[in-house]
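For the numbers below, each heavy atom of this structure counts, side chains included, while hydrogens, waters and symmetry mates do not. Convention: sequence-line order gives letters A, B, ...; per-chain numbering from 1.
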Protein chains: 2
Amino acid sequence: MDGGPADMPNRKSPGRPQASDRSDGEARDVLIRAAANRFAAQGAEGTSLRQVAEDAGVTPAMVAYYFRDKSGLLEAVVRKGLGTLLEVIDASAATHEPGAFLSGLVRRYLSALAADPWIPQILIREVISRESPLRDLFVEEFASHAVSVVPDRVLEEMRQGMLRDDLDHRYFILSMLGMCLFPFIAHPVLGPLLHFDVDEVFADDYGTHVLELIARGAQGGAS
Amino acid sequence: MDGGPADMPNRKSPGRPQASDRSDGEARDVLIRAAANRFAAQGAEGTSLRQVAEDAGVTPAMVAYYFRDKSGLLEAVVRKGLGTLLEVIDASAATHEPGAFLSGLVRRYLSALAADPWIPQILIREVISRESPLRDLFVEEFASHAVSVVPDRVLEEMRQGMLRDDLDHRYFILSMLGMCLFPFIAHPVLGPLLHFDVDEVFADDYGTHVLELIARGAQGGAS
DNA sequence: AATTTAATTAATTGGTCGTTTAATTACAAG
DNA sequence: CTTGTAATTAAACGACCAATTAATTAAATT
């Protein structure tokens with residue numbers, strides 16, 4: 001016995017924890033993971049730091065210690081998500097087989113989103129759909145790099161005859177992004193209705209569907 | 001002069017307003033419109049009733065009077081948006097030219113979303129992407145009806161040879177919804193980057209792109 | 001061994017939010 | 001004309017939240 005009453009078991013005393021107690025990963029990473037899940041499920045403004053801290057097994061004050069404030073925590077979460085997506089783009093850009101860029105990108109993209117469904121949810125809800133400080137982070141840290149590599153390769157595939165060159169490439173990018181992101185956003189409500197789940201199997205099947213669609217369209221018969 | 005000091009111009013006194021003062025529409029409708037815009041721009045949880053009330057030119061207490069509480073106000077906003085979309089579906093289902101259902105639906109859909117951009121934004125952020133009481137509203141008030149008419153007509157067009165019948169229709173619906181909704185959600189950030197604006201012209205051009213894409217695909221050359 | 005630094009909690013503070021209540025005025029019905 | 005009802009505001013209440021501060025413990029450095 002340590003003198004503490006038995007009916008208050010999980011009350012930690014202050015002070016730096018012993019190195020042997022670091023359960024799995026440092027508190028900083030645990031906080032980011034907890035925040036990513038909560039923010040994805042409830043929205044950042046609908047989540048209190050108390051909730052995040054409890055999920056992470058620490059006190060709300062740790063958020064200030066590691067991230068300065070709530071917006072700093074959100075920024076760290078977004079940075080992590082964008083980092084994952086940047087890796088996907090660079091990995092796809094590394095392969096130079098003719099015509100394999102776009103299909104590789106779609107498959108890797110869907111696979112990455114299925115592995116971390118919080119990425120598309122937070123990206124859409126907290127970043128891409130409103131004006132906010134995160135907008136600048138997104139543009140400078142991600143979009144500018146993505147725009148410098150993706151459209152070039154798409155135009156290259158157009159010249160090689162893999163893609164029609166009469167498409168407006170802005171609209172093409174919009175429709176591709178929409179197709180790839182939407183299932184992950186709508187899954188909480190549409191998943192039960194349409195009987196799909198966002199896992200690795202879905203990423204594979206749905207990726208085939210998307211690539212088939214841009215390859216031959218959905219219209220039949222007339223050919 | 002009414003005895004009030006001139007440096008406090010817009011302070012209304014309590015009591016029922018004179019019938020001639022009803023500027024445009026009743027307070028209930030003004031509140032719904034104000035809330036729709038705020039909720040779309042900042043998210044419902046990121047918007048205070050004080051903000052909405054100020055936009056509408058009334059007091060926060062009016063929210064309680066007309067909608068009981070904040071969730072009631074959000075529900076009214078969502079109901080209005082879903083009503084608009086239901087009209088779109090029914091109008092499209094009314095035309096019985098063979099093969100014209102899907103294309104008509106896409107065009108009307110995009111046109112309606114362009115006219116009221118808050119609909120897709122609120123639908124995605126507050127309804128479709130999280131578990132909440134609104135989920136049931138969405139399913140019972142909208143999805144059940146939509147599911148009872150749209151897939152039948154799509155399958156009909158498949159049998160008529162307008163659409164390939166080897167497509168998984170669930171995936172097809174997901175990709176169509178993604179393509180049609182995404183530009184309106186991503187517009188605040190992607191609009192400036194890709195140089196597009198969500199207006200009637202865009203709805204027309206982008207609708208052509210989408211229909212072209214499902215008609216013939218994006219791949220060229222090989223034909 | 002002593003001191004500084006890192007990591008953590010408890011407790012508090014100031015502010016904002018949703019909601020409620022009471023008062024107030026105009027309109028409607030008798 | 002009187003009484004009741006509909007529509008509105010002002011003011012207050014309690015809850016919760018993000019952020020801060022002070023205390024506390026372990027590790028790292030000297």
Base, sugar-phosphate, or nothing for B/Ser48, non-hydrogen atoms under 4.0 angstrom? sugar-phosphate

Does B/Tyr66 have a side-chain nitrogen or oxygen under 4.0 Å from the phosphate oxygens OP1 or OP2 of D/dT8? yes

Take atom CZ of A/Arg68 and atom P of D/dT21, then tell me their distance rounded to the nearest Å. 14 Å

What is the distance from CZ of B/Arg50 to P of C/dT20, rounded to the nearest Å? 14 Å

Taking atom C1' of C/dT8 as reference, at what distance in whole Å does atom CZ of A/Arg28 sit? 16 Å

Using a cut-off of 4.0 Å on non-hydrogen atoms, how would the nucleic acid contact of A/Ser71 be classed: base, sugar-phosphate, or nothing? nothing

Nearest heavy atoms of B/Ser175 and A/His209, plus distance in Å: OG-NE2, 3.0 Å

Should A/Glu75 and A/Arg79 count as an ion pair when the cut-off is N to O under 4.0 Å? yes

Taking CG from A/Leu49 and P from C/dA11, how many angstroms apart are they, rounded to a whole number? 19 Å

What nucleotide, of D/dA7, C/dA10, C/dT19, holds the atom closest to the side chain of B/Tyr65? D/dA7

Parallel, tilted or perpendicular: which describes the rings of A/Phe142 and A/Phe138, with under 30° parallel and over 60° perpendicular? tilted

If I take atom CG in residue A/Asp69 and atom P in nucleotide D/dT21, what distance separates them, rounded to the nearest angstrom? 14 Å

Atom CZ of B/Arg16 and atom C1' of C/dA23: how far apart are they, to the nearest Å? 17 Å

Give the rounded distance in Å between these two atoms: CE of A/Met62 and C1' of C/dT8. 6 Å

Paired with A/Ile119, the side-chain contact (heavy atoms from CB on, under 4.5 Å) test is passed by just one of A/Leu181, A/Leu85, A/Ile124, A/Val77, namely A/Leu85

Which part of the nucleic acid, if any, lies within reach of A/Val58 when heavy atoms closer than 4.0 Å are counted: base, sugar-phosphate only, or nothing? sugar-phosphate

Using atom NZ of B/Lys70 as one end and atom C1' of C/dT20 as the other, report the distance to the nearest whole Å. 17 Å

